[in-house]
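Worth saying up front: this structure is predicted, and the values here are computed from it rather than measured.
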Amino acid sequence: MILKIEDENRVRTLTLNRPDALNAFNEALYDATAEALLAAADDPEVAVVLITGAGRAFSAGTDLAEMQAMVTDPDFTPGKHGFRGLITALGRFPKPLLCAVNGVGLGIGATILGYADLAFMSSTARLKCPFTSLGVAPEAASSYLLPQLIGRQNAAWLLMSSEWINADEALRMGLVFGVCEPDALLSEARRHADVLASRPISSLMAVKSAMVEPTRAETLAAVERENAFFAQLLGGQANAEALAEFTGRRMR
């Protein structure tokens, strides 16, 4: 099961479950997560969604072997939703969304926090936005959402440097709401989720809509800008060399 789904007290927990691949998103996991968010949005028994990862990673981002196949394999078949479908589902998700970052988070494993209403992070976890090291553009409206969330300079460092940040730095920036010891992470995230889930869903949705609606158009515009830059850079020299280095072979 590539995505575990568990319900308790009106909280639906989605656990990314590709631990051997550090929960990297392939097309199947993008599809499963998007479908789960769409289903939770429509389920009157679900008040809150909590996303976490199985094993020692939160998510290693997009599966780079699949990214290379997307560039080089003419027979590559994208998923039903794919990356863009997941971003659409995140942007439209109408209920409280929490993240419990249990381990490393790269790429979408970090930029997803721009959509989180509350995020908690293990004290041993680390985050990285590796876009410049891969020769590509930012994603998931992070070029807009992260400056809004953590300020221009923090976002510039995170998006431009391709350097790791630790849990203390993430907390200082305001990227996460709280840092917990690894064994306490899920219980602390669940404690907050349970508080929210005890409130009327209609009221939770009204609060979230009131908060998100003023920036919805700007978020969608950022996604379109990023997609255009990403398409322009994907398969270019810097990207090709980075992917070839990752997979241990040179593209021909």
Side-chain angles (χ1 to χ4, degrees), residues 11 14 16 37 48-53 57-61 86-87 90-132 137-182 184-196 199 204 207-223 225-226:
V11 176
L14 308 180
L16 309 176
L37 288 171
V48 178
V49 164
L50 170 63
I51 300 177
T52 192
F58 179 53
S59 174
L86 174 59
I87 299 310
L90 287 167
R92 293 178 178 173
F93 191 66
K95 300 172 181 177
L97 178 69
L98 277 65
C99 290
V101 181
N102 57 296
V104 294
L106 287 88
I108 186 61
T111 58
I112 194 173
L113 300 183
Y115 293 94
D117 298 297
L118 287 176
F120 299 85
M121 188 170 174
S122 166
S123 60
T124 59
R126 297 187 300 161
L127 298 170
K128 180 195 281 192
C129 293
F131 308 123
T132 54
E139 64 182 17
S142 57
S143 60
Y144 174 73
L145 293 174
L146 291 188
Q148 292 286 312
L149 179 63
I150 63 176
R152 168 72 179 262
Q153 293 186 60
N154 286 326
W157 178 251
L158 193 59
L159 293 174
M160 292 180 179
S161 71
S162 293
E163 292 288 323
W164 289 103
I165 66 165
N166 62 30
D168 288 341
E169 290 171 312
L171 183 64
R172 174 188 61 77
M173 289 178 176
L175 189 57
V176 297
F177 185 73
V179 171
C180 314
E181 291 304 306
L185 175 69
L186 270 181
S187 61
E188 184 68 1
R190 274 303 306 253
R191 183 174 71 83
H192 286 77
D194 287 343
V195 169
L196 296 180
R199 311 305 184 205
L204 292 170
V207 172
K208 180 152 182 178
S209 179
M211 292 175 66
V212 172
E213 196 58 40
T215 60
R216 193 177 299 279
E218 288 86 350
T219 302
L220 292 173
V223 169
R225 282 193 301 271
E226 292 170 357

Enquirer: Judged by atom type as modelled, is there a donor-acceptor pair below 3.5 Å linking the side chain of Glu188 to the main-chain atoms of Cys180?
Expert: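 Flag not set: sc Glu188 to bb Cys180 has no pair under 3.5 Å.
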
Enquirer: Which pair of heavy atoms, one from Asn102 and one from Ser122, lies closest together, and at what distance?
Expert: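 Distance-wise, the nearest heavy atoms are O-CB, 3.8 Å.
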
Enquirer: Can you tell me if Lys208 uses its side chain to pair, donor with acceptor, with the backbone of Lys95 under 3.5 Å?
Expert: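 Yes.
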
Enquirer: With side chains defined as the heavy atoms from C-beta onward, is the minimum distance between Tyr115 and Leu145 less than 4.5 Å?
Expert: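 They are in side-chain contact.
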
Enquirer: Working to the nearest 0.5 angstrom, can you tell me the gap between Ile51 CD1 and Ile112 CD1?
Expert: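 Answer rounded to 0.5 Å: 4.0 Å.
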
Enquirer: Does any N or O in the side chain of Glu139 come within less than 3.5 Å of the main-chain N or O of Glu226, such that one atom is a donor and the other an acceptor?
Expert: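 No, because the side chain of Glu139 does not come within donor-acceptor range (under 3.5 Å) of the backbone of Glu226.
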
Enquirer: Above 12 or not: heavy atoms from other molecules or residues under 6.0 Å from CZ of Arg216?
Expert: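 Counting other residues, nucleotides and ligands, CZ of Arg216 exceeds 12 neighbours.
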
Enquirer: Roughly how far, to the nearest 0.5 Å, is the CG atom of Leu118 from the CG atom of Leu97?
Expert: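 The distance works out to 9.5 Å.
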
Enquirer: Where is the tightest heavy-atom contact between Ala110 and Cys129, given as atom of each residue plus distance?
Expert: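 Scanning both residues completely, I find the closest heavy atoms to be CB-SG, 4.0 Å.
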
Enquirer: Starting at OG of Ser123, measure out to CG of Leu185 and round the result to the nearest 0.5 Å.
Expert: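 Going from the OG atom of Ser123 to the CG atom of Leu185 covers 9.0 Å.
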
Enquirer: Kindly give the heavy-atom pair with the smallest separation between Phe131 and Ser142, and that separation in Å.
Expert: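 Looking at all heavy atoms of both residues, the shortest contact is CE1-OG, 4.4 Å.
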
Enquirer: Search all heavy atoms of Thr132 against all heavy atoms of Met160 and return the closest pair with its distance.
Expert: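 Here Thr132 and Met160 meet closest at OG1-O, 2.9 Å.
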
Enquirer: Let's go through Leu37 and Leu86 carefully: what are the C-alpha distance in whole Å and the side-chain angles of both, what is the deciding distance for side-chain contact (heavy atoms from CB on, under 4.5 Å) to 0.1 Å, and is it a yes or a no?
Expert: CA-CA 8 Å; Leu37 288 171; Leu86 174 59; 3.8 Å; yes

Enquirer: What do you reckon, are the aromatic ring centroids of Phe120 and Phe177 less than 6.0 Å apart?
Expert: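 Ring centroids of Phe120 and Phe177 are less than 6.0 Å from each other.
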
Enquirer: Distance from Leu149 atom CG to Met173 atom CE, nearest 0.5 Å?
Expert: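 That separation rounds to 10.5 Å.
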
Enquirer: With rounding to the nearest 0.5 angstrom, report the CG to CG distance, Leu158 to Asn154.
Expert: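 So the CG of Leu158 and the CG of Asn154 are separated by 8.5 Å.
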
Enquirer: Where do Leu50 and Leu14 land on the side-chain contact (heavy atoms from CB on, under 4.5 Å) test, with the steps shown first?
Expert: CA-CA 6 Å; Leu50 170 63; Leu14 308 180; over 6 Å; no

Enquirer: Do any N or O atoms from the side chain of Asp117 and from the backbone of Leu98 form a donor-acceptor pair under 3.5 angstrom?
Expert: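 Checking the backbone N and O of Leu98 against the side chain of Asp117, no donor-acceptor pair under 3.5 Å is found.
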
Enquirer: Heavy atoms only: give me the nearest Ala100-Thr52 pair and the separation to one decimal.
Expert: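 Heavy-atom minimum between the residues: O-OG1, 2.9 Å.
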
Enquirer: Going through the checks in order, is the side-chain contact (heavy atoms from CB on, under 4.5 Å) test met by Val104 and Trp164?
Expert: CA-CA 9 Å; Val104 294; Trp164 289 103; 4.1 Å; yes

Enquirer: For Leu175 and Ala119, which heavy atoms make the closest approach, and how far apart are they?
Expert: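 Nearest heavy atoms, Leu175 then Ala119: O-CB, 4.2 Å.
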
Enquirer: Does a side-chain N-to-carboxylate-O contact under 4.0 Å join Glu169 and Arg172?
Expert: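 A salt bridge is absent here (no side-chain N lies under 4.0 Å from a carboxylate O).
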
Enquirer: To the nearest 0.5 angstrom, please state how far the NZ atom of Lys128 sits from the CD1 atom of Ile165.
Expert: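 Answer for the NZ-CD1 pair, Lys128 versus Ile165, is 12.0 Å.
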
